[in-house]
Amino acid sequence: MNKTDSSRALQTRILHPEGEITPGFESFAAPVTRASTVVFPDLATLRALDWRDDAQWRYGLHATPTSAMLAGRLAAIEGGEHVLLQPSGLSAISNVYFGLVKAGDDVLIPDNAYSPNREHGDWLARDFGVTARYYDPLIGAGIASLIQPNTRLIWIEAPGSVTMEVPDVRAITAAARARNVVTAIDNTYSAGLAFKPFEHGVDISVQALTKYQSGGSDVLMGATITRERDVYLKLKQARMRLGIGVSADDCSLVLRALPSMKARFEAHDRSALALASWLKTRGEIAAMLHPAFEDCPGHAEFKRDFTGAGGLFSVVFQERYSPEQIDTFCESLELFALGWSWGGAHSLVMPYHIDSMRTASRWPHRGTLVRFYVGLEDEADLRADIEQALAKLA
Ligand SMILES: *Cc1c(COP(=O)(O)O)cnc(C)c1O
């Protein structure tokens with residue numbers, strides 16, 4: 001029941017209503033706490049604010065109860081403690097760079113990295129006085145020989161989300177720890193479900209929540225997760241300086257999809273594995289790149305460290321097919337759409353020319369690579385769709 005002070009004008013009463021919140025109401029839905037301004041009970045509280053204290057509310061840009069609720073759930077999934085949310089996976093990557101790296105520092109990036117991460121490293125190298133060097137993702141303990149006194153950050157992708165090699169994360173993090181270098185993994189592939197980075201010595205886990213966490217191909221968000229408070233505070237400060245924030249509405253959409261994420265991930269995993277097993281036997285295919293298969297580079301590490309794979313895999317077509325023929329194959333698919341990103345319900349496909357994306361390792365295949373993201377459509381229909389598109393190659 002509204003008790004409004006009737007001595008005030010209607011316009012004021014609309015802005016300052018009283019008694020609106022109904023006590024005793026509970027639901028499963030995350031409340032959406034939109035805010036720019038956060039109001040304080042008195043100036044002493046406001047003046048005592050400490051940006052390091054996550055229990056304090058300061059300004060809607062930094063955190064709201066909805067974003068904090070999402071952060072807490074992501075920490076639980078990943079096995080981390082400190083979470084920051086960014087408006088995209090790529091902005092989570094850039095938050096790591098700006099939090100840890102300054103002019104004169106050196107960064108190591110795996111050759112199988114998400115391309116915009118490479119481009120970010122190249123940009124810092126060109127314009128910000130940083131060196132960005134690339135390494136063979138299968139280098140393992142050999143990474144030690146690349147670490148310099150000014151190396152500040154080593155990126156890891158396990159597996160690379162296009163070429164699917166699984167690095168030896170433990171060997172890389174052990175070498176980094178021995179030299180006091182921070183490691184950051186782009187853990188989007190596993191959604192934090194199938195690979196637990198902090199159990200393998202990683203300092204920072206990056207998630208593109210745009211993918212499985214959102215699950216609907218309709219939200220962009222990212223997260224950085226860590227157990228280490230000093231690393232967290234560096235990222236938190238950079239996030240504040242850069243003016244990075246997320247909307248409570250977007251957070252609530254991700255919170256809505258999180259309860260079904262594990263079930264979705266497992267369904268994608270089953271369908272992808274079944275389709276990949278069948279596709280591997282086709283004569284058009286020269287190589288199947290799915291880490292659950294023995295001949296995929298890094299399969300031993302995958303078996304040791306991962307509990308699942310999700311909906312992604314790539315194939316390399318036989319060399320006899322021209323890039324144009326492979327384009328025709330991709331465009332002939334009816335259920336696999338052409339488009340970036342993944343993690344939603346719909347199947348996707350994309351051809352890649354890997355040679356032009358590598359600088360530190362030799363890509364062993366000559367045919368065109370096609371990456372599939374297997375959605376939640378009926379598996380037999382997806383297989384029939386691939387079959388009819390393969391027929392166009394004949
Ligand atoms: C999609 C993706 C990102 C970036 O996420 P956005 O939210 O699209 O910016 C980063 N890393 C990997 C591996 C991705 O697949």
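Values below: all heavy atoms of this structure, side chains included; hydrogens, waters and symmetry mates excluded. Remember, it's 1-based here, ligands and their atoms both numbered in the order they're listed. Because the structure is a prediction, the values reported are computed rather than measured. By convention here, the first residue in the shown sequence is residue 1.
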Assess Arg118 against Tyr134: is NZ or CZ under 6.0 Å from the centre of the six-membered ring, and within 45 degrees of the ring's axis? yes
Within the 4.0 Å heavy-atom cut-off, what Ser88 brings close to ligand 1 is both
Do any heavy atoms of Ser161 fall under 4.0 Å from ligand 1? yes
So the atoms of ligand 1 within less than 4.0 Å of a heavy atom of Ala208 turn out to be 2 (C), 3 (C), 4 (C), 5 (O)
Within the side chain of Thr33, is there an N or O that forms a donor-acceptor pair under 3.5 Å with the backbone of Thr66? yes
Closest heavy-atom contact between Ile147 and Ala175? CD1-O, 3.7 Å
Is there at least one pair of N or O atoms, one from Asp186 and one from ligand 1, spaced under 3.5 Å apart? yes
Arg362 and Asp136 ion-paired at < 4.0 Å: no
Among all protein non-hydrogen atoms, which one is nearest to atom 3 (C) of ligand 1, and what is the separation to 0.1 Å? Tyr114 CZ, 3.3 Å
Quick one: do Asp54 and Lys236 make a salt bridge, cutoff under 4.0 Å? yes
Looking only at protein heavy atoms, identify the closest one to atom 14 (C) of ligand 1 and say how far it is in Å. Lys211 NZ, 2.8 Å
Please work out whether any backbone atom (N, CA, C, O) or any side-chain heavy atom from C-beta onward of Leu90 is under 4.0 Å from ligand 1, and answer side chain, backbone, both or neither. both
Using a 4.0 Å heavy-atom cut-off, say whether Trp340 meets ligand 1 through its side chain, its backbone, both or neither. neither
Does a donor on one side chain sit under 3.5 Å from an acceptor on the other, for Asn112 and Glu157? no
Looking at Glu266 and Lys262, is any side-chain nitrogen of the basic one under 4.0 Å from a carboxylate oxygen of the acidic one? yes
Trp57 and Phe40: aromatic ring centres closer than 6.0 Å? no
Could you check atom 7 (O) of ligand 1 against the protein and tell me its nearest heavy-atom contact, residue, atom and distance included? Thr210 OG1, 2.5 Å
Could you check atom 6 (P) of ligand 1 against the protein and tell me its nearest heavy-atom contact, residue, atom and distance included? Gly89 N, 3.3 Å
Counting from 1, what ligand 1 atoms have a heavy atom of Trp342 closer than 4.0 Å? 15 (O)
